[in-house]
Amino acid sequence: MVKLSNYFLFTKREDPAEAEVISHKLMLRANMIKKLSSGIYLFLPVGWRIFKKLEAIIREEMNKAGAFEIYMPAVHPATLWRQTGRWDIYGNEMLKFTDRNGRECCFGPTHEEVVTWLAAQEVKSWRDLPFTLYQIQVKFRDEIRPRFGVMRSREFIMKDAYSFGKSQDELNEAYDSMYKAYWRIFSRCDLDFKVVEADTGAIGGADSHEFIVLANTGESKIVYCPRCGWAANTERAELKEFKFKKAKYTEKKEINTGEAKTVEEVAKKLETDPSEIAKSVVFTVTFKSKNGEFYDENVMCVVRGDREVNEIKVQNFLSKLKDETVMGLKMYTGEDLPFGNIGPLGFDGMILLDNSLKFIDYFIVGANKEGYHITGIKAGDLKGDNYHWGDFAEAKAGDVCPKCGEALNESRGIEVGHIFKLGIKYSEKLGATFVDKDGKEKPIIMGCYGIGVARTVASIIEQKADKFGCIFPHTVSPFTVGVIDLKANNESSAVALNLYQNLKAKLFNPAILAEDVLLDDRDESPGVKFADADLMGVAYQVVVGRSFVKEGKVELKVRETGERLKISPEEVVDKITEFINHKNKSIEERIRSCPLT
RNA sequence: CGGGGCGUAGCUCAGUCCGGUUAGAGCGCUGGCUUCGGGAGCCAGAGGUCGCAGGUUCGACUCCUGUCGCCCCGACCA
């Protein structure tokens, strides 16, 4: 029985001071979540119902994709994480502690180590493969700055899946099947999302895609091609060519640029385009060598002046080049360099040159001397053992699509899902091997696949909310139907109760082990009831009030479209079923648009 | 980790600069009456060790020191 008169719901009229973005404000106001401490939240009945409905969708799709559900512990021994080297790499984001016996532990930020340990324990033969395991479980990541409510919280629940196979083909197959499952999951949430090529970050591996919900408040930036559909995270987007520029200064010459330091200042002073200035940035890069020692090295990165350096690309390039782990990089802060006048000619150290510099005939570099720059430099002038050409620039709108040449669009979004082809990165280190048909012992080939469950809920709100509150499709709405009893007269309440009984029998939802219908029987004014139903995002609202007294009809309102119908109480169940079927059809259509079939 | 801001009733905030009786408002809450289609009205009421700990002072919500918590920005292009 969900009668609001005795339900646990305390909605707020005003925006809480602590919230910045719409989804966070609404989740707090609708009493879906409650903050206990920075980045740590309780889920309350309304919020937990939404969560449970989404969780059930995820579980259903994972099972349909052939994955097996398990549950792994939150607390892990340090030894496992030391074996993969991630005890250090994960750094302060991992919550570490020591138990009463002095054993070092961590609260798991992810589960590659544990699940690979499991596979190492159990898998022996090629006959045992392939399989995919998943769990919906709590994680802890001690984020630098938790933000936006449950969108970036420290403790959070993630669906994480791990595939194990004996060949690249089997990995590809598992990867594609997760891709399709994710497509179905986010389609069933009625989300507008894009799948983009992504960087693999701390998890590691080769191929990777992110599922990004388009929203202006998102923390991810993506570029996508309006013609061929190619899309990538700007951190990752491989750029092959740039719009070619012609330089104003073609003569090689040292010139006085005085106080001009930034690219913009120098370009203004020389009355030319910023793209003609080479932007030189020096990083202090911390490496971890094979024998576990940390050391720093200064590396210069040079991009065309209209570009920005992409640190992740720099990091990935360096770790591949040296075959060592890059722990991180910072801007170099030493006093010995003439900042604003530094350049790749005569710099003592490794120099990374971005391909964008090849798309201008001549450019201007810092002279490594206070107040001076050198004009008329060609890409060919930068030669030597310490020079490395590569892709180090961040993609942005207007860039050339590497697949078809069209100008790219840029958008912001929220990363709700991420899939990786891990390969043998973890299985090798943790001894997860199998004996193949040829009698040889080989490492298992792995993939991993994650969804932020609460983040997905927040992103639905973020993308759909209006001035009245949350909007959900019935698939994840806290209540598919809300019967609002305005207590117009004695008879009307009986009709409302009756409607509620009929609907809840029909709309019992096994996902939440409860009926999916709400009865607002509170002694409140009509405005309060309408406002609360809208705030929570009740998908279909049946109002029993004035029109019932006048004409014996109730009003059916569709939250998403605002559409209102006056119908007799007998028609309500059929009409709602009709709306739901219609919505399901459009969701089906979205599912069918998946590029993988 | 650096910078900024905030902490006063359940919530949103005044008051603090310039120390001085019983610390305020709106919303919410309790009781009563009226009302009943988009956050109703009137009346009566409850609710606060002013984040915490020290200090200065005849006197501290107010000034000083420390501490805890929360939020925002930055930690990236010289």
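Throughout, a chain's letter reflects where its sequence line sits, starting with A, and its residues are numbered from 1. Computed from a predicted structure; not experimentally measured.
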*Closest to side chain of A:Glu308, choosing from B:C71, B:C73, B:C77*: B:C77

*Options B:C76, B:U12, B:A78, nucleotide nearest the side-chain atoms of A:Val281*: B:A78

Same-atom distance ([atom1]) from [N] to [M], integer angstrom:
N: B:G7; M: B:C50; atom1: C1'; result: 10 Å
N: B:U8; M: B:C61; atom1: P; result: 15 Å
N: B:C64; M: B:A46; atom1: P; result: 36 Å
N: B:G59; M: B:G20; atom1: P; result: 15 Å
N: B:U67; M: B:G4; atom1: P; result: 15 Å
N: B:C6; M: B:U62; atom1: P; result: 15 Å
N: B:G48; M: B:A9; atom1: P; result: 10 Å
N: B:C77; M: B:G54; atom1: C1'; result: 47 Å

Write down the distance between [atom1] ([X]) and [atom2] ([N]), rounded to a whole number of angstrom.
X: A:Asp15; N: B:C27; atom1: CG; atom2: P; answer: 18 Å
X: A:Lys25; N: B:C11; atom1: NZ; atom2: P; answer: 18 Å
X: A:Glu219; N: B:C76; atom1: CD; atom2: P; answer: 16 Å
X: A:Tyr41; N: B:C70; atom1: OH; atom2: P; answer: 10 Å
X: A:Glu265; N: B:A78; atom1: CD; atom2: P; answer: 9 Å
X: A:Asn92; N: B:A75; atom1: CG; atom2: P; answer: 19 Å
X: A:Glu18; N: B:C71; atom1: CD; atom2: C1'; answer: 8 Å
X: A:Glu20; N: B:C73; atom1: CD; atom2: C1'; answer: 10 Å

*Quick one: is B:C72 close enough that its OP1 or OP2 comes under 4.0 Å of any side-chain N or O from A:Arg145?*
yes

*Would you tell me whether A:Glu462 and A:Thr217 have side-chain atoms, one donor and one acceptor, within less than 3.5 Å of each other?*
yes

*Does the side chain of A:Thr284 come under 3.5 Å of the side chain of A:Asp296 through a donor N or O and an acceptor N or O?*
no

One thing to verify: whether [Y] and [X] come together as a salt bridge, which I'm taking to mean a side-chain N less than 4.0 angstrom from a carboxylate O.
X: A:Glu18; Y: A:Lys35; answer: yes
X: A:Asp534; Y: A:Lys557; answer: yes
X: A:Lys279; Y: A:Glu308; answer: yes

In the structure shown, which nucleotide is the Watson-Crick or G-U wobble counterpart of [N], with both distances under 3.5 Å?
N: B:A23; answer: none
N: B:G2; answer: B:C73
N: B:C42; answer: B:G32
N: B:A9; answer: none
N: B:C18; answer: none
N: B:U62; answer: none
N: B:U67; answer: B:G51

*Partners passing side-chain contact (heavy atoms from CB on, under 4.5 Å) against A:Glu155 (at least two apart in sequence or in another chain)*: A:Val138, A:Phe140

*RNA chain B: A:Phe283 or A:Lys35, which has the more 5' nearest nucleotide?*
A:Lys35

_For A:Glu264 and A:Ser38, find the nucleotide of RNA chain B closest to each by heavy atoms; which residue's nucleotide sits nearer the 5' end?_
A:Ser38

Give [X] one of three labels, base, sugar-phosphate or nothing, depending on what nucleic acid heavy atoms sit under 4.0 Å from its own.
X: A:Ser37; value: sugar-phosphate
X: A:Glu14; value: base
X: A:Val263; value: sugar-phosphate

*Specify whether A:Tyr295 and A:Phe287 have parallel, tilted or perpendicular ring planes, treating 30° as the upper limit for parallel and 60° as the lower limit for perpendicular.*
parallel

*Parallel, tilted or perpendicular: ring planes of A:Phe10 versus A:Phe8, cut at 30 and 60 degrees*: perpendicular

Only distances under 3.5 Å count here; give the side-chain donor-acceptor pairs of residues 299-306 of chain A to other protein atoms, sequence neighbours excluded, each with its distance to 0.1 Å.
{"unit_1": "A:Arg304", "atom_1": "NE", "unit_2": "A:Asp306", "atom_2": "OD1", "d": "3.0"}
{"unit_1": "A:Arg304", "atom_1": "NH1", "unit_2": "A:Lys243", "atom_2": "O", "d": "3.1"}
{"unit_1": "A:Arg304", "atom_1": "NH1", "unit_2": "A:Phe359", "atom_2": "O", "d": "2.8"}
{"unit_1": "A:Arg304", "atom_1": "NH2", "unit_2": "A:Lys243", "atom_2": "O", "d": "3.4"}
{"unit_1": "A:Arg304", "atom_1": "NH2", "unit_2": "A:Asp306", "atom_2": "OD2", "d": "2.9"}

*What does nucleotides 29-39 of chain B look like as a protein-contact string, B for base, S for sugar-phosphate only, - for none, at under 4.0 angstrom between heavy atoms?*
--------BBB

*Can you name the closest pair of heavy atoms from A:Asp516 and A:Thr480 and give their distance?*
OD2-OG1, 2.6 Å

